[in-house]
Asks: 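Encoded as structure tokens, here's the structure I'll be asking about.
Predicted, not measured: the structure shown is a model, and the values here were computed from it. What's counted below: heavy atoms across the whole structure, side chains too, no hydrogens, waters or symmetry copies.
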Amino acid sequence: MVDLVKVLEDHCDTLKWSFSYGNVSNNNLLVSDLDADRVYLLLDPVTRLKAKSPFGGDGEVTFNGSFMLLVKSDIDKVYHNQLSVDSSAGKYECSIKPLLEIQLQKLEDLIGCSNYQITNWSIIDTINAGDFNGDGVIVTYSIVTL
């Protein structure tokens with residue numbers, strides 16, 4: 001069977017990102033390992049839905065789950081333009097927007113140029129996530145084998 005965990009881990013290696021697979025408790029172990037210049041993909045446990053082919057045998061496999069794409073947070077920064085801070089110095093402009101517009105797109109491109117198709121890709125911003133205080137996005141996905 002296809003291993004989406006390994007596929008995403010390999011993509012992270014290609015992109016020079018750090019990869020961690022597991023539940024929240026496992027991913028919170030990164031607290032002492034965060035580097036301010038590194039992107040982190042924290043993959044939650046994957047759900048696999050196996051369909052049968054109408055001709056017998058195995059059909060497509062659908063992978064559902066979520067991951068966080070994060071950078072180390074600066075706990076003293078505001079989210080956007082609070083406290084009369086210019087928005088260009090906030091967490092959204094400095095951390096979240098580059099992940100949305102550049103880094104996440106790189107991952108989408110790698111998945112799109114493979115034997116997989118993204119059928120659902122829901123993105124929400126997050127700040128100070130986990131015990132390690134990461135800023136970035138949470139992606140809920142559905143990916144199908146082709």
Side-chain angles (χ1 to χ4, degrees), residues 1-75 77-81 87-146:
M1 182 162 99
V2 178
D3 184 1
L4 184 68
V5 175
K6 180 67 173 145
V7 168
L8 291 175
E9 185 175 18
D10 289 347
H11 288 334
C12 286
D13 287 345
T14 299
L15 296 167
K16 308 251 186 292
W17 297 350
S18 288
F19 176 83
S20 180
Y21 178 59
N23 61 22
V24 173
S25 300
N26 299 119
N27 289 331
N28 272 335
L29 297 174
L30 291 172
V31 70
S32 63
D33 188 42
L34 274 131
D35 177 354
D37 298 322
R38 195 143 176 102
V39 175
Y40 296 84
L41 190 146
L42 310 181
L43 179 63
D44 292 330
V46 176
T47 301
R48 296 156 183 89
L49 176 62
K50 292 173 64 174
K52 291 297 180 186
S53 167
F55 308 105
D58 292 335
E60 68 183 22
V61 178
T62 302
F63 301 95
N64 296 301
S66 62
F67 62 84
M68 290 191 288
L69 191 63
L70 303 168
V71 293
K72 185 174 182 176
S73 179
D74 180 343
I75 199 78
K77 282 187 177 179
V78 296
Y79 184 77
H80 190 60
N81 63 353
S87 63
S88 65
K91 292 179 182 225
Y92 177 76
E93 292 285 335
C94 293
S95 300
I96 297 168
K97 192 172 179 182
L99 289 174
L100 278 170
E101 294 181 349
I102 300 167
Q103 301 300 338
L104 192 56
Q105 187 60 52
K106 290 178 184 178
L107 180 61
E108 287 182 58
D109 291 346
L110 285 171
I111 293 170
C113 291
S114 67
N115 294 329
Y116 304 94
Q117 177 182 15
I118 298 170
T119 57
N120 182 34
W121 199 253
S122 175
I123 306 163
I124 187 168
D125 301 355
T126 186
I127 60 167
N128 303 327
D131 291 346
F132 48 83
N133 294 320
D135 294 335
V137 294
I138 300 169
V139 177
T140 303
Y141 63 85
S142 186
I143 298 174
V144 178
T145 56
L146 296 177

Asks: Under 6.0 Å between the ring centres of Trp121 and Tyr116?
Replies: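 No, the ring centres sit 6.0 Å or more apart.
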Asks: Is Thr140 close to Ile123 at the side-chain level, that is, under 4.5 Å between some pair of heavy atoms?
Replies: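 They are not in contact (no side-chain heavy atoms under 4.5 Å apart), so the answer is no.
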Asks: Hey, what do you get for CD (Glu60) to OG1 (Thr119), rounding to the nearest 0.5 Å?
Replies: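 If we round to the nearest 0.5 Å, Glu60:CD and Thr119:OG1 are 8.5 Å apart.
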Asks: Could you walk me through whether Asp35 and Lys72 pass the side chain to side chain contact (heavy atoms under 4.5 Å, CB included) test, one step at a time?
Replies: CA-CA 7 Å; Asp35 177 354; Lys72 185 174 182 176; over 6 Å; no
Asks: Verify the distance criterion only: is there a donor paired with an acceptor across the side chains of Ser73 and Asp135 at less than 3.5 Å?
Replies: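 The answer is yes; a qualifying pair exists.
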Asks: Using the side-chain contact (heavy atoms from CB on, under 4.5 Å) criterion, which residues pair with Val5? Sequence neighbours excluded.
Replies: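 Listed in chain order: Asp3, Phe19, Tyr21, Leu43, Val46, Arg48.
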Asks: Heavy-atom distance under 4.5 Å between the side chains of Leu69 and Val139, does that happen here?
Replies: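 No; the side chains remain at least 4.5 Å from each other.
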Asks: Check whether any side-chain heavy atom of Gln117 sits under 4.5 Å from a side-chain heavy atom of Thr145, and report yes or no.
Replies: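 No; the side chains remain at least 4.5 Å from each other.
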Asks: Are any non-hydrogen side-chain atoms of Met68 and Leu41 less than 4.5 angstrom apart?
Replies: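 No. Closest side-chain heavy atoms not under 4.5 Å.
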Asks: Got more than 12 heavy atoms from elsewhere within 6.0 Å of CD1, Ile124?
Replies: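 No, not enclosed.
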Asks: State the CG-NZ distance between Asn128 and Lys77, to the nearest 0.5 angstrom.
Replies: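 It is 12.0 Å, given to the nearest 0.5 Å.
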Asks: Can Leu8 and Leu4 be said to form a side chain to side chain contact (heavy atoms under 4.5 Å, CB included), step by step?
Replies: CA-CA 6 Å; Leu8 291 175; Leu4 184 68; 4.1 Å; yes
Asks: Let's go through Asp125 and Tyr79 carefully: what are the C-alpha distance in whole Å and the side-chain angles of both, what is the deciding distance for side chain to side chain contact (heavy atoms under 4.5 Å, CB included) to 0.1 Å, and is it a yes or a no?
Replies: CA-CA 11 Å; Asp125 301 355; Tyr79 184 77; 2.9 Å; yes
Asks: Partners of Ser66 by side-chain hydrogen bond (donor to acceptor under 3.5 Å, both in side chains), sequence neighbours excluded?
Replies: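 With sequence neighbours excluded, Ser66 shows a side-chain hydrogen bond (donor to acceptor under 3.5 Å, both in side chains) to Asp44, given in chain and number order.
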Asks: Distance from Cys12 atom SG to Phe67 atom CZ, nearest 0.5 Å?
Replies: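 Here the interatomic distance stands at 8.5 Å.
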Asks: Do the side chains of Leu70 and Leu42 get nearer than 4.5 Å, heavy atoms only?
Replies: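 With C-beta onward as the side chain, the pair touches.
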Asks: Got a list of side-chain donor-acceptor pairs under 3.5 Å for residues 94-107, not counting sequence neighbours?
Replies:
| unit_1 | atom_1 | unit_2 | atom_2 | d |
| --- | --- | --- | --- | --- |
| Gln103 | OE1 | Trp17 | NE1 | 3.2 |
| Gln105 | NE2 | Asp109 | OD1 | 2.8 |

Asks: How many angstroms lie between atom CD1 of Ile75 and atom CG of Asn133, to the nearest 0.5 angstrom?
Replies: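 Reported to 0.5 Å precision, the distance equals 4.0 Å.
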Asks: Is the side chain of Thr47 donor-acceptor paired with the backbone N or O of Gly65 at a distance under 3.5 Å, no angle test?
Replies: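 Checked: no pair found.
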Asks: How many angstroms lie between OG in Ser88 and NE2 in His80, if you round to the nearest 0.5 Å?
Replies: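 That separation rounds to 9.5 Å.
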Asks: State the CG-CG distance between Leu15 and Asp10, to the nearest 0.5 angstrom.
Replies: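 Rounded to the nearest 0.5 Å, the CG-CG separation comes to 11.0 Å.
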